[in-house]
Amino acid sequence: MKHLEALFVVEVTPEDEIVCRAPKRAEQRIRMADLAAVYVETNESGPWGADVWWLLNDNTGQTKVAFPQLATGEEAALERLRLLPGFAVQGMNSTENTRFICWPKPAL
(Lines give C-alpha, C1' and ligand atoms only; values in the text may rest on other atoms or scores of the structure.)
Protein backbone atom coordinates (compact mmCIF):
# COMPACT_ATOMS: atom_id res chain seq x y z
CA MET A 1 0.00 0.00 0.00
CA LYS A 2 1.27 3.44 -0.90
CA HIS A 3 1.50 6.23 1.62
CA LEU A 4 -1.11 8.95 1.21
CA GLU A 5 1.81 11.35 0.88
CA ALA A 6 2.62 9.69 -2.48
CA LEU A 7 -0.55 11.30 -3.91
CA PHE A 8 1.36 14.59 -3.84
CA VAL A 9 3.38 14.73 -7.07
CA VAL A 10 6.32 17.13 -7.13
CA GLU A 11 8.46 17.95 -10.13
CA VAL A 12 11.21 20.29 -11.18
CA THR A 13 10.31 21.75 -14.56
CA PRO A 14 12.69 22.61 -17.41
CA GLU A 15 11.83 26.27 -16.63
CA ASP A 16 13.43 25.79 -13.16
CA GLU A 17 10.19 25.77 -11.20
CA ILE A 18 9.09 23.39 -8.47
CA VAL A 19 5.49 22.32 -9.01
CA CYS A 20 3.23 20.28 -6.74
CA ARG A 21 -0.02 18.61 -7.77
CA ALA A 22 -2.27 16.85 -5.27
CA PRO A 23 -5.85 15.55 -5.32
CA LYS A 24 -8.49 18.15 -4.50
CA ARG A 25 -5.90 20.95 -4.27
CA ALA A 26 -4.94 23.70 -6.65
CA GLU A 27 -1.62 23.23 -8.41
CA GLN A 28 1.20 25.01 -6.60
CA ARG A 29 4.38 26.33 -8.22
CA ILE A 30 7.33 28.56 -7.52
CA ARG A 31 10.13 29.69 -9.79
CA MET A 32 13.51 29.07 -8.23
CA ALA A 33 14.37 32.72 -8.97
CA ASP A 34 11.47 33.73 -6.67
CA LEU A 35 12.37 31.34 -3.85
CA ALA A 36 13.30 33.17 -0.64
CA ALA A 37 13.18 30.45 2.03
CA VAL A 38 12.83 26.70 2.49
CA TYR A 39 11.43 25.26 5.71
CA VAL A 40 10.71 21.86 7.18
CA GLU A 41 7.51 21.97 9.23
CA THR A 42 6.80 19.11 11.62
CA ASN A 43 3.72 18.17 13.58
CA GLU A 44 2.64 15.50 16.02
CA SER A 45 0.28 13.64 13.64
CA GLY A 46 2.77 10.85 12.83
CA PRO A 47 2.90 7.99 12.27
CA TRP A 48 -0.70 8.08 11.00
CA GLY A 49 -0.61 11.51 9.37
CA ALA A 50 1.80 13.51 7.22
CA ASP A 51 4.04 14.86 9.97
CA VAL A 52 6.93 16.33 7.93
CA TRP A 53 6.30 19.00 5.27
CA TRP A 54 8.53 20.98 2.92
CA LEU A 55 7.49 24.63 2.61
CA LEU A 56 8.83 26.83 -0.19
CA ASN A 57 8.27 30.54 0.39
CA ASP A 58 8.58 33.54 -1.88
CA ASN A 59 9.93 37.03 -1.13
CA THR A 60 6.65 38.07 0.53
CA GLY A 61 6.92 35.22 3.05
CA GLN A 62 4.00 33.37 1.48
CA THR A 63 4.24 29.59 1.13
CA LYS A 64 3.87 28.97 -2.59
CA VAL A 65 4.54 25.20 -2.55
CA ALA A 66 4.01 22.72 0.29
CA PHE A 67 4.49 18.98 0.03
CA PRO A 68 4.95 16.17 2.54
CA GLN A 69 7.92 13.92 3.04
CA LEU A 70 7.46 10.81 0.85
CA ALA A 71 5.69 12.80 -1.89
CA THR A 72 6.19 11.35 -5.35
CA GLY A 73 9.13 13.25 -6.85
CA GLU A 74 10.39 14.51 -3.47
CA GLU A 75 13.94 13.32 -4.21
CA ALA A 76 14.15 15.31 -7.47
CA ALA A 77 12.93 18.45 -5.69
CA LEU A 78 15.44 17.94 -2.88
CA GLU A 79 18.20 17.36 -5.40
CA ARG A 80 17.42 20.80 -6.86
CA LEU A 81 17.13 22.45 -3.42
CA ARG A 82 20.49 20.98 -2.36
CA LEU A 83 22.10 23.13 -5.06
CA LEU A 84 21.16 26.26 -3.07
CA PRO A 85 24.22 27.71 -1.29
CA GLY A 86 24.01 26.91 2.42
CA PHE A 87 20.97 24.62 2.13
CA ALA A 88 20.83 22.20 5.09
CA VAL A 89 18.07 19.77 6.02
CA GLN A 90 16.83 20.47 9.55
CA GLY A 91 14.26 19.01 11.95
CA MET A 92 13.43 15.74 10.21
CA ASN A 93 13.28 13.83 13.51
CA SER A 94 11.14 16.33 15.37
CA THR A 95 7.76 15.22 16.72
CA GLU A 96 6.72 18.73 17.78
CA ASN A 97 4.57 21.29 16.02
CA THR A 98 7.36 23.54 14.80
CA ARG A 99 9.21 24.92 11.78
CA PHE A 100 12.91 24.71 10.90
CA ILE A 101 14.71 26.94 8.41
CA CYS A 102 16.70 24.95 5.84
CA TRP A 103 17.64 27.83 3.59
CA PRO A 104 17.22 31.57 3.73
CA LYS A 105 17.97 33.49 0.56
CA PRO A 106 21.29 35.25 1.16
CA ALA A 107 21.05 39.00 1.71
CA LEU A 108 22.49 41.08 -1.09
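Because the structure is predicted, anything quoted here is derived from the model rather than measured. Computed over heavy atoms, backbone and side chain alike; hydrogens, waters and symmetry mates excluded.
Pairs of residues two or more places apart, or lying in two chains, that qualify as salt bridge (Lys or Arg N to Asp or Glu O under 4.0 Å) and include a residue from residues 88-104 are E41-R99.
In this structure, P68 and F8 approach most closely via the heavy-atom pair CD-CG, 3.4 Å. When all heavy atoms of A37 and I101 are compared, the pair lying nearest together is CB-CD1, 4.1 Å.
Follow the hydrophobic side-chain contacts under 4.5 Å out from V65 and you reach W54 in the same cluster. A continuous path of hydrophobic side-chain contacts links I18 to L35 [ILVMFWY only; heavy atoms under 4.5 Å]. When the side chains of ILVMFWY residues are joined at heavy-atom separations under 4.5 Å, either directly or via intervening members, W103 and M92 end up in a single hydrophobic cluster. Both V89 and V38 sit in one connected hydrophobic cluster of ILVMFWY residues. Membership requires side-chain heavy atoms under 4.5 Å apart, directly or through other members. Under a hydrophobic-cluster definition in which Ile, Leu, Val, Met, Phe, Trp and Tyr are linked whenever side-chain heavy atoms come within less than 4.5 Å, directly or via other members, L56 and V40 are assigned to the same cluster.
Applying the side chain to side chain donor-acceptor pair (under 3.5 Å) criterion to Q90, with sequence neighbours excluded, gives no partner residue. Residues meeting the side chain to side chain donor-acceptor pair (under 3.5 Å) test with Q69, sequence neighbours left out: none. Under the side-chain contact (heavy atoms from CB on, under 4.5 Å) criterion, A66 pairs with Q28, W53, L55, T63, not counting sequence neighbours. Not counting sequence neighbours, the partners of D58 by the side-chain contact (heavy atoms from CB on, under 4.5 Å) test are I30, T60, Q62, K64.
Atom SG of residue C20 and atom CD of residue E27 lie 9.0 Å apart, to the nearest 0.5 angstrom.
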Could you go through residues 76-87 and list every donor-acceptor pair under 3.5 Å that involves a side-chain atom there, pairing it with any protein atom two or more places apart or in another chain?
residue: R80; atom: NE; partner: D16; partner atom: OD1; Å: 2.8
residue: R80; atom: NH2; partner: D16; partner atom: OD2; Å: 3.0
residue: R82; atom: NH1; partner: E75; partner atom: OE1; Å: 3.4

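Counting heavy atoms from C-beta on, the side chains of V52 and E5 never come closer than 4.5 Å.
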For this session: Apply side chain to side chain contact (heavy atoms under 4.5 Å, CB included) to the pair E11 and V19, showing each step before the final yes or no.
Result: CA-CA 5 Å; E11 71 171 304; V19 179; 4.2 Å; yes
